[in-house]
Asker: 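Structure provided below as structure tokens; questions to follow.
Here is how names work: the chains are called A, B, and so on, in the same order as the sequence lines, proteins then strands, and each is numbered from 1. Values below: all heavy atoms of this structure, side chains included; hydrogens, waters and symmetry mates excluded.
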Amino acid sequence: MLHTIRSCILNVLNLFTKGAKDIAEDMILLDQPKDKNLGDLYTNAAMMFAKRLEISPRVLAEAIRDALASSENVTEVSLAGPGFINFKLKNSFWQGVISDVIEQNENYGFSNVYANKLINVEFVSANPTGPLHTGHARNAVFGSVVANLLERIGYKVTREFYINDQGNQIKFLARSLYLRYREALGAEISESDFTSDMYCGAYVKELAKELVDIYQDKFLNQPESEWLALLSQFAIDRMMQNVKNDLRNLGVVMDVYTSEAELCKRNLVEEALNILSECGDIYEGVLPRPKGIASDDEWEERPQTLFRSTKYGDDVDRAIRKSDGTWTYFAGDLAYHLDKIKRGFTEMVAILGADHNGYVKRLKSAVKALSAGKANIEVRLYQLVNFLENGKPVRMSKRAGNFITLKDVVERVGKDVTRYMMISRHHDVMIDFDFVKAVEQSMDNPLFYIQYAYARICSVFRNYEAENGEITRDDLLNSDKSILSDEAEISLMKALAFWPDQVKAAAIAIEPHRIPVYMQNIASLFHSLWNKGKINSELRFIDKENRHETISRLSLLMATKKVLEDGFRIIGVTPMMEMR
RNA sequence: GUGCCCGUAGCUCAGCUGGAUAGAGCGUUUCCCUCCGAAGGAAAAGGCCGUUGGUUCGAAUCCAAUCGGGCACGCCA
């Protein structure tokens, strides 16, 4: 719908000799003025592009005004301020949105700006050393919605989980498991046997029981070399099953799980280093003492193998080999991102918690260096979530193993509430997640407000169809929209017309929270219209005396329903047809 | 000491590539169910957008300083 207006404006821009060839339709701002008296829409295009076209904003504004004025949809155009163009449109223009939505059905809200480009979205990537906990919930939801959004603008998305299935942490997991294994077989174990690197959560005991069931006392009194590899693999397998299950219950399904150990076996670390060496980005050197470390006592200078990440914008160069000769975590990540590049990804997104903010620059550097500048990774950090129990913070200690798991959250408040709470705020702000308030059915919990709007729409269709039989798509498309001219009806249509814009903007900005915010706006306009029908019976959706007008109104409801469904699909929440 | 993020109504938060008189919900006050679902709606009140400078036709938005809060900072993962 809005495309018609934008292309009209773009045609004007193209008339000027300096050329508008680098101006895309998307760049033209169209919005509803805050003051409704100014018109239905405004654009600042004249001010935006005047400089680029080397022409005065006033002249450009006049040209756009004239073009709009001659458009069949426009009834009135006026210039204001330094170059705003305000205009009014025929009701028929807005009414056209209804057919648009119904015709395009599930495709309404899709665009193909990035048609068929590959993109990799890596998220969660939790260490397989324990169950997913609350901290992973936001990551999982955020990542999955970002992936959905990117698909909306045409990307071919790969949802990916990176498994850190080797290294010290896995060794300690296996040792912890072994302790519990001995305990299950009757050995005396005290909590002090668990060093600070080990895992003493209850889930390790569960694993130990399984281990006993399968192997009995086979590993009892055996040296570590006899059981370490097997127990490691056993623990990883079970933990990943667990992770996948928890994710599925949260509505998250990955396309690819990539194992760090596998990458190592394929010698990708060495390959990555070769590439970097050829660019002259690998050297033996000594890092300067960071300012944060006050005295030389705590700082020991030592030569290390370093990656010259500063060449690509990092603050300091980064170590890739430990003093014992093994790779650092970052070396593994070099291999991993080389793997992504080799699989053909030039665009990548990674979702990380805010506590990883120090990692962003080196990751971006790595991708630039390994791809000779051809690939890029966008990292999105999300702030942590505070879990509250009726206003009081829930204490968690990972060490003691008494953290709340993601599974606990989903079981307690449900998938939909969890997802909504995690996605409805900007990723840069902290969330207070109160278990009590989350399920309260009030406006402290806006999900219910949106669900309620949807349920009301479904209810109207149920009522109508109970009396008149099923209503068809053709009935709705062929209905006369011209009777839908009340301000509240037009406002709702306008909001629906902006839906594709909103989705595209949210996707490009990688800001999923805009979707629930906009859904709330649509729900609000709908509720308002509903209540207007209580006062003015002509606005009631069902008029038993007048079937034609009823179908016209139902067509607006259907369009609203479709858009809400699209929103629910993006955020992965199941719409509720009734809420009694 | 350095880097990243946040600071908008009493509270929780929106505010899109800089746009016109900064919005919503909760809470407070007043109205609206003979009639499609009142878990809703209409209205009132509530603001130096942390502070100070700068950029320009125009700043909550960009830049610089500053204050307050969160996070991070050589071989952990």
Side-chain angles (χ1 to χ4, degrees), chain A residues 26-27 29 31 33-35 38 42 44 47-48 57 80-84 86 127 129 164 167-170 197 286-294 298-302 304-306 315-324 326-330 332-333 353-361 381 383-384 424-432 437 441-446 448-449 451-453 455-464 501-502 504-506 508-509 511 513-514 517-518 520-521 524 527-535 537 540-544 550 553 557 578-580:
Chain A
D26 293 342
M27 295 160 68
L29 174 80
D31 203 355
K34 283 175 192 121
D35 182 354
L38 294 173
Y42 78 88
N44 63 0
M47 293 173 288
M48 274 304 268
F84 290 105
N86 299 311
N127 293 332
T129 52
N164 295 121
N168 281 330
Q169 46 165 2
I170 298 297
D197 294 317
V286 177
L287 288 174
R289 173 165 63 85
K291 291 259 167 32
I293 295 175
E298 304 161 45
W299 174 258
E300 178 200 342
E301 284 195 347
R302 53 189 158 224
Q304 292 174 288
T305 306
L306 300 173
D315 304 317
V316 286
D317 291 340
R318 302 293 174 176
I320 52 182
R321 206 190 276 278
K322 299 183 215 169
S323 52
D324 66 3
T326 59
W327 302 119
T328 61
Y329 176 82
F330 181 54
D333 243 11
D355 52 340
H356 290 75
N357 69 53
Y359 205 69
V360 176
K361 281 183 181 172
L381 303 171
Q383 295 297 319
L384 304 180
S424 58
R425 301 253 157 93
H426 192 286
H427 57 80
D428 269 337
V429 316
M430 278 196 283
I431 296 179
D432 285 336
K437 282 190 177 166
Q441 307 191 344
S442 71
M443 275 306 287
D444 274 348
N445 181 0
F448 281 85
Y449 183 83
Q451 292 279 28
Y452 185 41
R456 272 179 155 179
I457 293 174
C458 292
S459 162
V460 173
F461 279 98
R462 272 197 304 275
N463 285 330
Y464 176 85
D501 267 31
Q502 293 291 329
K504 193 191 295 178
I508 290 171
E511 291 186 356
H513 74 284
R514 294 192 201 182
V517 167
Y518 202 72
Q520 195 176 347
N521 177 39
S524 166
H527 285 307
S528 180
L529 174 59
W530 175 290
N531 278 83
K532 230 174 158 181
K534 288 178 180 300
I535 298 152
S537 61
R540 293 171 61 82
F541 302 121
I542 296 176
D543 176 356
K544 289 180 178 167
T550 297
R553 294 192 200 94
L557 287 201
E578 53 182 344
M579 305 179 67
R580 289 182 192 280

Asker: Does any nucleotide pair with C16(B) by Watson-Crick or G-U wobble geometry, both distances under 3.5 Å, and what is it?
Answerer: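 Matched C16(B) with nothing under the 3.5 Å cut-off.
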Asker: Between the protein and nucleotides 75-77 of chain B, list the N/O to N/O atom pairs that are separated by less than 3.5 angstrom.
Answerer:
unit_1	atom_1	unit_2	atom_2	d
C75(B)	O2	S323(A)	N	2.2
C75(B)	O2	S323(A)	OG	3.1
C75(B)	N3	S323(A)	N	3.4
C75(B)	N3	S323(A)	OG	2.4
C75(B)	N4	R302(A)	NE	3.1
C75(B)	N4	R302(A)	NH1	2.3
C75(B)	N4	R302(A)	NH2	3.4
C76(B)	OP1	Y329(A)	N	3.4
A77(B)	OP1	N168(A)	ND2	3.4
A77(B)	OP1	K322(A)	NZ	3.2
A77(B)	O3'	Q169(A)	NE2	2.3
A77(B)	O2'	N127(A)	OD1	3.1
A77(B)	O2'	N127(A)	ND2	2.5
A77(B)	O2'	Q169(A)	OE1	3.3

Asker: My understanding is that a pair needs two contacts under 3.5 Å, Watson-Crick or G-U wobble. By that rule, which nucleotide pairs with U34(B)?
Answerer: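 Its partner is none (no Watson-Crick or G-U wobble pair with both distances under 3.5 Å).
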Asker: Restricting to side-chain hydrogen bond (donor to acceptor under 3.5 Å, both in side chains), what partner residues turn up for D315(A), sequence neighbours left out?
Answerer: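 D315(A) satisfies side-chain hydrogen bond (donor to acceptor under 3.5 Å, both in side chains) with K361(A) only.
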Asker: Of all residues at least two apart in sequence or in a different chain, which pass the ring-ring contact (aromatic ring centres under 6.0 Å, His included) check with H426(A)?
Answerer: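 Per chain and number, H426(A) pairs via ring-ring contact (aromatic ring centres under 6.0 Å, His included) with H513(A).
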Asker: Output all residues satisfying side-chain contact (heavy atoms from CB on, under 4.5 Å) with T305(A), sequence neighbours left out; order by chain, then residue number.
Answerer: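 T305(A): side-chain contact (heavy atoms from CB on, under 4.5 Å) contacts with I282(A), E284(A), I320(A), R321(A).
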Asker: Just N and O in the side chain of K534(A): are any of them under 4.0 Å from OP1 or OP2 of A38(B)?
Answerer: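 Indeed, a polar side-chain atom of K534(A) lies that close.
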Asker: For R456(A), give me all partners under salt bridge (Lys or Arg N to Asp or Glu O under 4.0 Å), at least two apart in sequence or on another chain.
Answerer: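 Salt bridge (Lys or Arg N to Asp or Glu O under 4.0 Å) list for R456(A), sorted by chain: empty.
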Asker: When you check every protein heavy atom under 4.0 Å of nucleotides 10-17 of chain B, what one-letter string (B, S, -) results, 5' to 3'?
Answerer: --SSSSBB
Asker: Tabulated below should be each protein N or O lying under 3.5 Å from an N or O of nucleotides 63-65 of chain B; please produce it.
Answerer:
none

Asker: In whole Å, what separates the P atom of G40(B) from that of C26(B)?
Answerer: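 The answer is 7 Å between these two P atoms.
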Asker: Which residues satisfy the ring-ring contact (aromatic ring centres under 6.0 Å, His included) test with F461(A), sequence neighbours excluded?
Answerer: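 By the ring-ring contact (aromatic ring centres under 6.0 Å, His included) rule, F461(A) matches no residue at all.
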Asker: Taking pairing as Watson-Crick or G-U wobble with both contacts under 3.5 Å, can you name the mate of U2(B), or confirm there isn't one?
Answerer: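 Result: A72(B).
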Asker: Run the side-chain hydrogen bond (donor to acceptor under 3.5 Å, both in side chains) test against N521(A) and tell me which residues pass, sequence neighbours left out.
Answerer: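 Testing N521(A) for side-chain hydrogen bond (donor to acceptor under 3.5 Å, both in side chains), a comparison that skips the adjacent residues, returns none.
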Asker: Keeping the roles fixed (side chain from D324(A), backbone from T326(A)), state whether a donor-acceptor pair exists under 3.5 Å.
Answerer: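 Pair found, side chain donor or acceptor close to backbone of T326(A).
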Asker: List the residues meeting salt bridge (Lys or Arg N to Asp or Glu O under 4.0 Å) with D428(A), not counting sequence neighbours, and say none if there are none.
Answerer: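 D428(A) satisfies salt bridge (Lys or Arg N to Asp or Glu O under 4.0 Å) with no other residue.
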Asker: Please confirm whether the shortest side-chain N or O distance from N463(A) to OP1 or OP2 of G37(B) is below 4.0 Å.
Answerer: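 Checking N463(A) against G37(B): at least one side-chain N or O falls below 4.0 Å of OP1 or OP2.
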Asker: Which whole number of Å gives the distance between the C1' atom of G58(B) and that of U21(B)?
Answerer: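 Their C1' atoms lie roughly 14 Å apart.
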Asker: Under the 3.5 Å rule, do the base of G40(B) and the side chain of N531(A) count as making a donor-acceptor pair?
Answerer: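 Counting by modelled atom types and ignoring angles, a donor-acceptor contact under 3.5 Å is found here.
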Asker: In whole Å, what separates the P atom of U55(B) from that of U61(B)?
Answerer: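 Their P atoms lie roughly 15 Å apart.
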Asker: Of all residues at least two apart in sequence or in a different chain, which pass the side-chain contact (heavy atoms from CB on, under 4.5 Å) check with S323(A)?
Answerer: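 Testing S323(A) for side-chain contact (heavy atoms from CB on, under 4.5 Å), a comparison that skips the adjacent residues, returns none.
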Asker: When rounded to the nearest 0.5 angstrom, what distance separates CD in Q451(A) from SG in C458(A)?
Answerer: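 Those atoms lie 9.5 Å apart.
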Asker: Sticking with atom C1', work out how far G46(B) lies from U66(B), rounded to a whole angstrom.
Answerer: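 It comes out at 29 Å once rounded to the nearest Å.
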Asker: Is any side-chain nitrogen or oxygen of R456(A) closer than 4.0 Å to OP1 or OP2 of A38(B)?
Answerer: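 True: R456(A) side-chain N/O within range (under 4.0 Å) of A38(B) OP1/OP2.
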Asker: Which residues satisfy the side-chain hydrogen bond (donor to acceptor under 3.5 Å, both in side chains) test with N531(A), sequence neighbours excluded?
Answerer: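 Once residues adjacent in sequence are excluded, N531(A) has no partner under the side-chain hydrogen bond (donor to acceptor under 3.5 Å, both in side chains) criterion.
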Asker: Please check if any side-chain donor atom of Q169(A) sits under 3.5 Å from a side-chain acceptor atom of N164(A), or the reverse.
Answerer: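 Side-chain D/A pair, Q169(A) to N164(A): absent.
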Asker: Counting just side-chain N and O atoms, does S528(A) come under 4.0 Å of either OP1 or OP2 of A42(B)?
Answerer: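 Indeed, a polar side-chain atom of S528(A) lies that close.
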Asker: Using the six-membered base ring of A20(B), report whether F84(A) stacks on it, requiring centroids under 5.5 Å and planes under 30° apart.
Answerer: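 F84(A) ring centre within cut-off of A20(B) base, planes near parallel; stacks.
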Asker: With both distances under 3.5 angstrom, what nucleotide forms a Watson-Crick or G-U wobble pair with G27(B)?
Answerer: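 Check on G27(B): unpaired, no WC or wobble geometry under 3.5 Å.
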